[in-house]
Every structure is written in C-alpha cells, then in structure tokens.
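Chain naming here is simple, since letters A, B, ... match the order of the sequence lines and numbering starts at 1 in each.
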Amino acid sequence: MELSKNYVPQATEQKWYDYWNTKGYFHSVPDERPAYTIVMPPPNVTGVLHMGHALNNTVQDILLRRARMQGYNTCWVPGTDHASIATEAKVVNMLREMGIDKNKLSREEFLKYAWEWKEKYGGIILQQLKKLGCSLDWERTHFTMDEGYYKAVINVFVDLYRKGNIYRGVKMINWDPQALTALSDEEVIHKETNSKLTYVRYRIDSDTEEYITIATVRPETILGDTAVCVHPDDERYAHLKGKYCFVPLINRRIPIIFDDYIDKEFGTGALKVTPAHDINDYNLGQKHNLEVIDTLNANGTLSEAAQLYIGEDRFAVRKKIVEDLKTSGNFVKQEDYTNQVGVSERTNAVIEPRLSMQWWCNMDRMAQPALEAVMNDDIRFYPSKFKNLYRHWMSNIKDWCISRQLWWGQRIPAWYDKQGNIYVAPTEAEAKAAYKAAFPDGADELRQEEDVFDTWFSAWLWPMEVFDWDKDHNNKELAYYYPTSTLVTAPDIIFFWVARMIMSGYEYQGKLPFEQVYFTGLIRDKQGRKMSKQLGNSPDLLQLIEDYGADIVRFSVLISSPAGNDILYDESFLEQGRNFSNKIWNALKLVKMWEEKTTQEGLSNSQDGAFATSWMHNRILEARTQIDHMFRDFKLSEALKTIYSLIWDDFCSWYLEWVKPAQDQAMSREVYEKTLSLFEDLLQLLHPYMPFLTEEVFHLLREQQEDLINRQLPAASAADDQVLRQGALLQQLISAIRDTRNKNQLKPKETVSVAIDTANTGFYTAAGHILQRQVNADSLEMATEAPAGWIALVVQTEKVYLDCKIEVDPEAQRGKMQEELEYLKGFLLSVDKKLSNERFVQNAKPEIIENERKKQSDAVAKIKTLEESLSLL
RNA sequence: GGAGGCAUAGCUCAGCUGGUUCAGAGCAUCUGCCUUACAAGCAGAGGGUCCGCGGUUCGAAUCCGUGUGCCUCCA
C-alpha cells in the first residue's frame with residue numbers, strides 16, 4: 001500500500017470514532033472488573049465547544065482510555081445542564097428577534113418555545129465532543145431537566161424542607177434587572193470600572209446655614225437615603241451628634257448617626273446610608289434601626305418611593321440628578337474614581353443589591369462532613385493547593401439562595417393559600433391534601449410558587465442521579481459506579497458545584513461522590529486574558545479540528561497544561577503536534593519499507609539489532625514506570641512530554657537509525673518483528689492522548705488481532721540498568737564524535753577513522769558496528785595509545801581517538817582538554833569536601849551519600865583518563 | 001480591606017518530599033546538511049547571579065521571613 005507523504009487526520013478520525021462506537025467499546029455494563037467512572041461536568045445546553053471544554057474533556061478521555069488499557073470497566077457519562085438563566089436569556093433573545101415579547105407569553109407558551117429551542121440546539125456540544133474523540137457512553141446521556149432528574153430535584157427540596165434546612169425570607173440579594181432574577185454571589189463578576197465620585201452637601205437642620213458633604217458613586221440612590229453616618233472619633237463632625245439633615249431635592253429629614261464602620265479617610269468621612277440599595281448600608285440600617293426605602297423597581301427604573309424620576313432608568317437618573325443637584329446648590333464637585341462594579345455573569349447587566357423574598361438553604365450542617373472529607377484526603381484534590389481555598393469557603397459558608405425568578409428550570413414545589421401559608425410537597429395533590437388537613441373547611445385555590453431553582457440546585461445531584469438515584473437509592477448501577485473515580489473540572493466552579501456535590505453526596509448516599517478531583521487550569525490567550533465569548537479570543541475549535549485534526553488539538557492543549565496551572569494557549573503548540581504526528585507517520589513509512597527488505601537470515605543487522613532492540617525495550621520499561629508515577633499524580637502534561645521524547649528522540653532519532661539496514665542490504669526478520677512490537681508499545685502509550693492516529697498506525701503496521709483502544713498494558717517491570725547505561729554510553733560516543741566532526745568542518749560524506757582505548761571491549765563487540773555507522777567511520781579499532789596526529793577525546797572513561805584526515809592543532813586540543821580537566825577537578829573538590837564533612841555524612845540519607853561516592857569515583861576515573869590522554873598527546 | 005497564587009534561557013513554561021548525572025523542554029537564535037521515513041526534517045552549538053535582601057541548614061532554584069512586581073478569588 002502506498003502511504004501518503006504526510007499524515008492526513010481528516011481521512012481517519014471519523015472512521016475510527018464510528019468503528020469504536022459501533023463496536024460498543026464506549027458502553028459500560030457492570031461486571032466483575034473494577035469500575036473506573038467519570039461523570040462529565042455537564043456543559044450548558046446552550047453551549048458550543050470552546051477551549052475550556054476541549055481541555056477538560058480531553059483530560060477525562062485520557063484518564064479513561066488509560067484506565068481501559070489497565071483493565072478497568074470504564075464508564076464515562078455524558079450530559080448537559082439546563083443552565084436556567086443562560087438558556088432563558090438565549091430563548092428570550094430569540095423570541096425578541098422573532099418579534100415576541102416574553103412578558104406577553106404565558107409560562108406554558110414560553111416553556112414550549114424553550115423546549116423547542118433545546119431540542120434543536122441542545123445537543124450540538126455533545127456532537128462536537130465526538131469529533132474530539134471522547135469515548136463517552138452515549139447510552140447514558142442525561143439532561144438535568146429530564147423527567148426523572150426533575151423529580152429528583154423536587155424530592156431533594158422537599159426532603160431538605162422537611163429537615164428544616166430550607167426557609168423563605170427577605171434578604172439582600174444580587175438582582176439582575178435585565179433577567180429580572182436573583183443571582184448567587186458566585187454568578188456576579190466584579191469588574192473594575194471608571195466611575196465618578198460625586199460630592200453632595202446635605203443641609204443640617206439647625207438655625208445657621210450649615211452643610212455636611214458626602215461622596216457617592218451612586219447619586220441616584222440619594223432619594224433612598226435614610227441617614228448620614230460618620231465615625232464617632234471624627235472631630236470634624238463631633239458637633240453634629242444628635243442632629244438631623246435634609247436629603248437634597250426631596251428634603252427628607254434624616255438622622256446623622258455615628259458608627260466606627262466608617263473609614264475616616266475615604267471621601268469626606270461622611271457616608272450617606274441607603275439601606276435598600278447597598279449591603280453594607282443595609283447592615284448599618286439594621287444596627288441603627290433605620291427606615292428602608294426601596295427606590296428602585298425590579299427592572300432598574302425608579303419607583304414611586306423615589307418621589308422623583310419615577311419610571312426612569314437608574315443610569316439616566318444618575319446623570320440627571322447631578323444636574324438637578326447643581327441647580328439646587330447641593331452639588332460640590334465630581335472626581336474620577338475607579339471602583340469594582342458587579343455585573344451578571346450571564347446578561348452582563350450591572351447588578352443591583354436588592355431586598356427580596358427568596359428561598360434559602362442553610363448549609364451549615366451539610367458543610368461539616370464535606371469539609372472533613374477534603375481536609376483528611378478522603379477526597380483528594382489535585383493540585384492540593386485548592387484545599388486551602390475550599391476550606392476557607394466551607395468554613396465561612398453562607399445560606400444558599402436557591403430560588404430564581406425564571407421559568408426555565410424546576411419549578412419550586414411550594415403552594416400558597418390565600419393567607420399565605422406555605423405547603424411544600426412533591427406534587428400539587430399532596431400540597432392540597434396538606435391544606436385540607438389544616439383547613440378541613442377551606443376552599444382555597446392553592447397557588448404554586450412562580451420561581452424555579454438555581455441551576456446548581458439540580459447540578460449538585462449529578463454524580464448520583466445519572467445512575468437513577470432517585471428511583472432507587474440502592475440500585476445495582478449506583479452500587480457499582482458510585483462513588484465515581486475522578487472528577488475533572490476547572491477551579492472556578494469549586495464552590496458552585498464541586499463543594500455542593502460533595503455535600504449532597506454525604507447527605508444522600510452517606511458517601512463521597514468521587515475519589516479524586518483534578519482541577520485543570522484556565523485557558524488564557526497569549527496576552528494572558530481568560531478566554532471568553534465576550535472577548536472573542538477563543539479560537540474556533542471545530543475549525544482547528546478541521547484544519548489540524550482532533551489528535552493534534554488534543555496534543556496542543558495537553559502539552560501546555562501542567563496540572564492546575566493556567567495555560568497560555570498559543571497556536572505554535574498545534575505546529576508542534578502536527579510535526580509530531582508527521583514524525584510518527586514517517587516512522588511508519590520507514591518501517592513499512594523494511595518489510596520488503598526482510599529476509600529470514602537477515603545477515604545484515606542482526607548483531608546491531610540485538611543491542612538496539614534490547615536497549616529500546618528497556619527504555620520503554622523505564623518510561624512506563626515514570627509514566628505510571630506521573631499519572632498517579634495527574635501530571636498528564638509531563639507524561640505526554642515523556643512519551644513525546646521517547647518516540648521522537650529514543651525511537652526515531654536513535655533506535656530506528658541503529659537498526660536501519662545499510663543501502664541494498666537485507667533486514668533481519670527477527671529485528672523487523674521486534675521493531676514492530678516496540679512501535680506498537682509506543683503507540684499504546686500515546687493512544688490516550690492521540691487516539692485516532694495511534695489506532696490508524698497500529699493497524700497499518702501489520703494485521704492485528706485486537707484494537708489498540710482495548711490493548712491491555714502489561715504490569716510494570718523494572719528496566720535493566722546495565723543495558724540502559726550501555727545505550728547512554730553509545731549515544732554519548734556518537735554525539736561526541738559527531739560534534740568533533742562538526743567542529744572540524746567535515747562534510748557528512750567524509751569518513752573518519754576511530755580508535756578506542758577501553759577496558760570494556762565487550763561493549764564494542766556488541767555496539768561497535770552501530771557506532772561506526774553512526775559517525776561515518778571507515779574503521780573502528782581498539783588501541784592502547786594515541787595515534788600521532790589524531791584528535792583525542794574522553795567520553796565517560798573511554799579514550800577516543802579520531803582521525804579526521806585534516807591538520808589539527810595539538811595546542812588547541814590540549815587547551816580544550818585542560819579546560820575540562822580543570823572543571824572536573826573543581827567538581828571533585830566539592831564532592832570530596834562534602835564527603836569529608838562529618839555532619840554531611842551523619843545527616844544525609846544513605847542513598848545520597850552513596851550517590852556522592854559514585855560521583856567521586858566517576859570523577860576520579862575520568863580525571864585519570866583525561867590526564868593519560870593529555871600525556872599521550 | 002481579607003485570602004491565595006506566581007516571579008527559572010529572548011518567549012511560553014517544567015523542575016515531587018532541599019543533595020551539579022535537574023539547572024531542563026518547546027519555540028526562537030547560530031553552524032553544517034535537500035544523508036531516498038520525515039526540510040513540518042537531520043546532525044550539532046550558544047544562551048540563565050533560578051526577582052532583590054535576610055535567615056534556617058553540612059548543603060537552597062527548592063524551606064522560612066521580608067521587599068518589589070504581576071495575577072486570581074472574596075468583601
């Protein structure tokens with residue numbers, strides 16, 4: 001078969017994905033093997049694949065494919081999250097484009113549109129994951145609003161309500177005036193904003209004309225002021241104790257209060273207090289029994305209570321009121337000021353702190369076991385630095401606002417009667433029954449709560465509910481797959497989601513939901529900015545897959561992503577990946593060429609082959625052990641680098657050159673077969689990272705009995721150090737001689753002669769022929785003294801003489817050797833010093849001392865060799 | 001204001017529990033090669049007071065303190 005010049009991913013990826021999928025390799029059924037389970041962090045149903053997903057899902061696929069090769073029954077559950085606010089915002093936008101106003105629709109009509117939208121676009125991201133090669137168990141696909149899932153969320157709410165964890169109450173929350181819903185603290189993004197600090201003077205209620213000046217970035221909230229506050233120790237204002245002042249424009253008489261909460265240095269040291277519109281002011285108001293005047297409507301316009309500007313938008317009023325304050329004589333000045341402004345993660349609208357009736361879940365009790373599980377490593381975090389962050393949040397945990405003023409989501413199962421009594425029950429019928437029980441003669445129509453749950457109130461059940469937890473808490477699948485093995489996620493949802501899954505896991509299964517949590521980094525662009533849709537700095541992933549192939553995209557994100565550190569993504573990684581895949585492809589081509597040159601006898605290279613195959617085999621053994629350790633620590637990036645170098649450097653650059661038959665010579669069948677096996681072993685190590693390419697090359701190498709995806713990794717076994725050392729010596733000899741050739745400006749075709757003075761002639765019997773070929777030497781002889789006019793060099797303790805067939809300057813040679821000798825002597829001195837230091841010998845670990853001894857003896861031997869060589873020159 | 005993280009080659013970053021076979025990788029640079037697997041390549045080379053200062057230690061890029069500069073999260 002004719003192989004193309006370069007690897008063409010487009011031709012193979014779809015083919016293999018379909019093949020694996022059709023063969024059922026991705027589907028898991030409980031059996032006697034141990035399970036390795038991952039539940040995918042469900043992407044937003046509205047989402048399209050971006051870099052973050054690519055990294056996250058590639059990592060999961062790598063872990064899973066490796067586990068599959070290690071004999072686990074692997075199960076990777078896909079799914080999507082209904083993402084209430086994000087999806088609702090999308091649907092509202094779509095309706096607006098269609099000329100439909102959401103507010104004119106009934107709840108049912110709106111939900112019909114939303115479901116249509118979901119059916120049409122909701123599966124896109126999962127399809128895209130197939131392109132990436134993800135070995136997901138598609139038969140287990142879940143959605144957080146599936147019927148069964150919906151019920152589970154309802155049941156959990158009812159249960160927690162009955163346990164007394166849930167209550168309804170008015171608190172200050174983050175209000176999104178665009179989406180018209182409450183948001184959790186975690187859904188608010190604080191952005192640095194250039195604002196104006198406006199200084200306004202309030203007239204004091206006294207006989208003389210006296211004012212107190214405050215500074216505010218939100219002058220429109222003046223209308224809701226119910227006090228002015230100063231620091232008790234502030235001498236400037238001490239005389240105002242017990243006095244009142246007037247809110248400008250509306251002349252409301254408000255007290256001047258004293259509290260050490262005030263920062264004397266900030267602004268004028270006097271703070272206007274607006275309890276309805278600022279959390280700190282609210283707390284102050286509670287403390288000083290201040291009136292709360294809510295001057296804003298839900299949509300961000302001013303309410304009747306404001307008295308002025310009623311119905312006008314808060315930002316328009318912010319400008320307008322400044323003009324009016326100027327007219328009234330209350331305006332003092334305005335300064336530029338930079339502050340943090342909260343905006344909605346989903347709608348980007350500026351958040352309004354607002355007092356609002358919401359549903360709350362108290363987390364204190366559930367937080368306890370969840371905190372302990374992580375602190376005592378029942379659940380391990382990788383990297384562990386996130387434990388601190390987790391502890392900090394968990395030990396200061398606040399009540400969770402679980403209601404959202406939206407339609408898309410699980411509607412809160414609470415019903416109200418006319419008196420406002422609340423009946424929480426899984427179904428309306430049960431709520432009615434409860435009402436009847438309380439009021440046997442009552443005839444109220446119960447009204448269901450309009451709000452739905454925060455998305456995370458469903459997502460926190462994910463690892464259980466994908467195995468049908470709600471139907472049967474002891475079902476067979478749950479018993480087999482739960483707790484799941486590894487959760488792979490980004491650190492920015494450690495509170496939103498990770499912490500809450502741990503809490504629900506202990507609350508409802510009495511068990512951890514996963515054994516390890518691996519946090520990937522955030523992907524940033526070259527300028528270090530987080531990749532986001534708003535910035536438009538995320539590359540089009542499907543285009544990248546189209547252009548480069550999924551394997552190379554996978555390679556590029558993994559090679560640059562050390563555990564838990566942020567990743568600066570640069571397209572040069574794609575080139576590195578492409579070059580790598582071509583390297584492998586070309587190695588395949590080379591090996592396939594040999595197939596025809598193979599003979600049974602294989603006189604040409606069986607000798608070289610014995611040395612080379614043994615060395616390469618042991619290199620693979622050595623690397624396997626290293627890679628095992630790296631995977632154990634989730635150092636996936638380092639493991640990939642190890643495999644990369646093993647294939648490129650050890651296999652392609654050294655091994656293949658060593659066994660390559662000379663021009664017009666036959667290839668030994670035995671060496672050929674061994675080469676294929678070694679190649680297969682390498683492909684297997686790489687397979688989790690680059691599944692398509694490796695499966696393709698694996699099958700092109702020769703007829704296979706099995707597919708690479710299922711090939712089992714052998715148990716780890718130790719490499720033979722002796723063989724590895726000999727290989728390293730051969731490499732050093734070759735490099736040193738090539739370097740000398742280069743420095744003497746020899747052309748590649750010009751031959752040299754080599755003579756070696758060694759105590760180790762057996763090595764040259766085995767590997768001498770390789771050495772000779774690799775340095776283009778016309779002869780290789782054993783010598784005991786330096787031939788006149790030859791260049792001398794020392795490699796380890798081997799004395800090497802080289803005839804470059806040109807004039808060499810003996811002085812220059814001597815100088816170079818002298819230099820090396822000086823360095824070695826200095827080195828030896830430091831080692832000697834260390835070893836003669838009693839405290840070192842007493843304190844250091846035995847293996848360290850052993851190592852120093854070895855360094856000492858090696859240095860002594862090499863110095864001796866160098867000195868002998870020098871004297872011979 | 002509170003908490004955490006990071007500062008290593010021109011660039012982007014590895015370097016686990018302290019010990020010159022760990023000062024490393026990729027890219028970039030320089031030299032020589034179109035050596036029939038690969039020029040998207042091959043063979044070599046150069047390049048770093050491991051942010052400043054102080055401390056612990058027989059020994060520190062690695063631990064502690066401090067300063068500076070960036071970043072993130074929270075208020």
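Annotation: side chain of V591(A) is in contact with side chain of L656(A) (closest heavy-atom distance under 4.5 Å).
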Exercise for the section: Show the numbers, then the answer: is there a side chain to side chain contact (heavy atoms under 4.5 Å, CB included) between L729(A) and Q726(A)? Expected result: CA-CA 5 Å; L729(A) 173 59; Q726(A) 291 201 337; 5.5 Å; no
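In this pair, W654(A) and W658(A) present their aromatic rings tilted. The plane angle is within the 30 to 60° band. Using cut-offs of 30° and 60° for the angle between ring planes, the Y518(A) and F634(A) rings count as parallel.
The K398(A) side chain lies nearest to A75(B) when the options are A40(B), C42(B), A75(B). For K5(A), the listed nucleotide lying nearest its side chain is C38(B); candidates were C38(B), A37(B), A43(B). Of the candidate nucleotides A75(B), A37(B), A40(B), A40(B) has the atom lying nearest to any side-chain atom of N6(A). Nearest to the side-chain atoms of K635(A) among the listed nucleotides A37(B), G41(B), C16(B) stands C16(B). Here the side chain of R578(A) is nearest to one of C38(B), C73(B), A40(B), namely A40(B).
Look at G48(B): it lacks any Watson-Crick or wobble partner with both distances under 3.5 angstrom. Nucleotide C22(B) forms no Watson-Crick or G-U wobble pair with any nucleotide shown, as no partner meets the under 3.5 Å limit on both distances. Across every strand in view, G65(B) sits in a pair with C53(B) that passes the Watson-Crick or G-U test at under 3.5 angstrom. Within the shown strands, C33(B) is the pairing partner of G41(B) under the Watson-Crick or G-U definition, both distances less than 3.5 Å. Remark: C73(B) base-pairs with G2(B); criterion is Watson-Crick or G-U wobble with both hydrogen-bond distances under 3.5 Å. Both distances falling under 3.5 Å, in either a Watson-Crick or a G-U wobble arrangement, place C27(B) opposite G10(B).
Atom CH2 of W393(A) is separated from atom C1' of G2(B) by 17 Å (rounded to the nearest Å). Distance, F495(A) CZ to A75(B) P: 10 Å, rounded to whole Å. Going from atom CD1 of I494(A) over to atom P of G5(B) covers 13 Å, rounded to whole Å.
In terms of position along RNA chain B, the nucleotide closest to H392(A) lies nearer the 5' end than the nucleotide closest to the other residue of the pair L588(A) and H392(A). Along RNA chain B, the nucleotide nearest to N582(A) and the one nearest to D739(A) differ in position, and the one closer to the 5' end is contacted by N582(A).
At most 12 non-hydrogen atoms from other residues, nucleotides or ligands lie less than 6.0 angstrom from CZ of R853(A).
Between F519(A) and F381(A), the ring centre distance stays below 6.0 Å. F496(A) has its ring centre less than 6.0 Å from the ring centre of W456(A).
Residue S735(A) places at least one side-chain N or O closer than 4.0 Å to OP1 or OP2 of G44(B). Taking 4.0 angstrom as the limit, W648(A) places none of its side-chain polar atoms (N or O) nearer than this to OP1 or OP2 of A40(B).
A cation-pi arrangement, defined by a distance under 6.0 Å to the six-membered ring centre and an angle within 45 degrees of its axis, is present between R500(A) and W400(A).
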Restricting to nitrogen or oxygen on both sides, can you table the protein-nucleotides 28-36 of chain B pairs closer than 3.5 Å?
| unit_1 | atom_1 | unit_2 | atom_2 | d |
| --- | --- | --- | --- | --- |
| C33(B) | OP1 | K747(A) | NZ | 3.1 |
| U36(B) | O4 | Q663(A) | NE2 | 3.0 |

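Between S581(A) and Y548(A), the side chains place no donor N or O within less than 3.5 Å of an acceptor N or O (distance only, hydrogens not considered).
Nearest approach of R624(A) to L685(A), heavy atoms of both residues: CG-CD2, 4.0 Å.
Counting any heavy atom pair closer than 4.0 Å across all strands shown, E657(A) reaches a base atom. Nucleic acid contact for E575(A): none, since no nucleic acid atom lies under 4.0 Å from a heavy atom of the residue. At a threshold of 4.0 angstrom between heavy atoms, the contacts of S645(A) with the nucleic acid are absent.
Ion pairing of K171(A) with D399(A) is present here, as a side-chain N (NZ or NE/NH1/NH2) and a carboxylate O approach within less than 4.0 Å.
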Exercise for the section: Heavy atoms under 4.0 Å is the rule here; annotate nucleotides 19-24 of chain B 5' to 3' with B where the base is hit, S where only the sugar-phosphate is, and - elsewhere. Expected result: BBB---
